[in-house]
Protein chains: 2
Amino acid sequence: MKPIDIQEIRSLALFREMADINFETLLRGAYIQNFPPQIELITEDEPCDFLHIVVEGSVELFSRWNGRETVMATVRPVSTFILAAVIKDSPYLMSARTHEKSRIILLPSKDVRAVFDIDNIFARSVVNELAQCYRSVVKTTKNLKLRTSIERLANYLLRQYKFAGNAVEFELKMEKRLLASYLGMTPENLSRAIKALQPYGVQVSGSRVTISNLADLIAFAKPTTSIDDPTY
Amino acid sequence: MKPIDIQEIRSLALFREMADINFETLLRGAYIQNFPPQIELITEDEPCDFLHIVVEGSVELFSRWNGRETVMATVRPVSTFILAAVIKDSPYLMSARTHEKSRIILLPSKDVRAVFDIDNIFARSVVNELAQCYRSVVKTTKNLKLRTSIERLANYLLRQYKFAGNAVEFELKMEKRLLASYLGMTPENLSRAIKALQPYGVQVSGSRVTISNLADLIAFAKPTTSIDDPTY
DNA sequence: CGCAGCCTTGACAAATGTCAACAAACGTGG
DNA sequence: CCACGTTTGTTGACATTTGTCAAGGCTGCG
């Protein structure tokens, strides 16, 4: 593993404060692997063997039922995924596939749980991380139940605007068909939703988004911290 | 506080394994209160002062946005709610109101966090509880994104069937309008969804549900552990 | 250059919500 | 215990939202 990778992982909130010796224990059992795009890394319902950390590239978390499929989240560097399954030693609730070529670190679940049992600082970090994850999914549920698809798109664009440093021009970070699935709609519906936002000053050409009338878009989207602020 | 209440709380997974002395610390600062129905106990976006435990009655967790409102969950005895906000010392993401007359125990957030900091066993229990909560909301999201409203109702009925000890006759545990909101639809739509399930052997009269053709209902609903099993 | 996958568009269908009317159930005060 | 009024549930007619299918254009990559 590259020293730079180690440093980046160590700087994650989850690992930042734990004892050196325990961090080293985690790393000793760790694998690092490069995956091509579109590889299914984990599969729903299978036993949970590793805590995954995306170091480079990007990973889609998705779920299937009865022939349908939906994107639950996209994981970007540097962050972990499926922590809850690791801690509970339960089967995965979601599948994951690489979207781009990706570098992934695999920490054996057993090691994570073992360190969790002896390092209280780490245990605290796990709690914080899980609480954060929980709140984030609650926000997703509120978004789905309280908003129409056009409203979800409008608020998504405003979150991206903010993430891009309040830039009124930015790139979509995923293909439209994946964005559609993430937002809980079909690709066709997304196309039309984009058009429906034109009167509020939104232009999208390819993956380039331009917000020409921020005030109007905000007035339409009515963003609220308790759904749209990822740090809340 | 009645000894019987204390005993019940102590028997919750969250408190079962912690040191006596710390459990007593928690109880020392605790209030117990009886609330009439329809009292708003906590309000979204407000600072989190207490961990709540429902001892008797029932509490609805709900959320509002832009004049709309949705039921996120119903909490029944004996269980806690809004643990994540307490641990993160963050504002509530949901509001809560009593549905029936309810007995609620309030543990000051500060005390919970203080005990969390000194009692590692308790910290572990918190992690487990949070991981469970997280997985449960992920299931909710999958349910919403992958299923139609009729499918959600069908699977809800099957979960209740199971909860009632595989009884083909049971009572709905909440008013239909709340059930509708919980399942992400309007009351009118729920009425029609119930009718739509008649061909699969479901009769509902008042709050009494009868499943006369379990096999057909299962074939239609296609339940799966990774969405419908609360213990998974 | 040509194929494959993505995106868009139109026409249509299905799912879901809204509104209004009414019926049924519930709770309260007499 | 009944009468009344309020709330909840149901139904029909209709509107809106969302999904489906099919066709065609665009784009990127071998």
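Below, chains carry the letters A, B, ... as their sequence lines are ordered, and counting in each starts from 1. Keep in mind the model is a prediction, meaning the values are calculated, not measured.
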**Item:** Annotated protein contacts, base or backbone, on nucleotides 23-30 of chain D with a non-hydrogen cut-off under 4.0 Å, one of B, S, - each
**Value:** --------

**Request:** Sugar-phosphate atoms are those with a prime plus P, OP1 and OP2; base atoms are the rest. Using that split, label each nucleotide of nucleotides 5-20 of chain C B, S or - for protein heavy atoms under 4.0 Å, 5' to 3'.
**Result:** -SSSBBB----SSBB-

**Prompt:** For A:F170, what residues pass the ring pair (Phe, Tyr, Trp, His ring centres under 6.0 Å) criterion, not counting sequence neighbours?
**Reply:**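 Scan of A:F170 (ring pair (Phe, Tyr, Trp, His ring centres under 6.0 Å), adjacent residues dropped) gives none.
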
Using atom types as modelled, flag every donor-acceptor pair under 3.5 Å from a side chain in residues 156-165 of chain A to any protein atom, sequence neighbours excluded.
| from | atom 1 | to | atom 2 | distance (Å) |
| --- | --- | --- | --- | --- |
| A:R159 | NH1 | A:D228 | OD1 | 2.8 |

**Request:** Spell out, as yes or no, whether a donor-acceptor pair under 3.5 Å connects the side chain of B:T98 to the backbone of B:V59.
**Result:**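 The answer is no, because no donor-acceptor pair under 3.5 Å joins these two groups.
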
**Asked** Are the side chain of B:T80 and the backbone of B:I53 linked by a donor-acceptor contact shorter than 3.5 Å?
**Response**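 No; judged by distance alone, with no hydrogens or angles, the pair does not exist.
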
**Asked** Could you give the CD-to-P distance, from B:E100 to C:dG27, as a whole number of Å?
**Response**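 Result: 12 Å.
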
Which side-chain N or O atoms in residues 188-198 of chain B pair as donor and acceptor under 3.5 Å with protein atoms at least two apart or in another chain?
none

**Residues B:E44 and B:R64 bridged, charged N to O under 4.0 Å** =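 Judged by the 4.0 Å cut-off on N to carboxylate O distance, B:E44 and B:R64 do not form a salt bridge.
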
**Request:** Kindly write out the residues that satisfy salt bridge (Lys or Arg N to Asp or Glu O under 4.0 Å) with A:E100, not counting sequence neighbours, or none if the list is empty.
**Result:**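 Salt bridge (Lys or Arg N to Asp or Glu O under 4.0 Å) check on A:E100 returns nothing, list empty.
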
**Asked** Side-chain donor-acceptor pair under 3.5 Å between A:E60 and A:T74, yes or no?
**Response**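 Note: A:E60 and A:T74 side chains miss the donor-acceptor criterion.
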
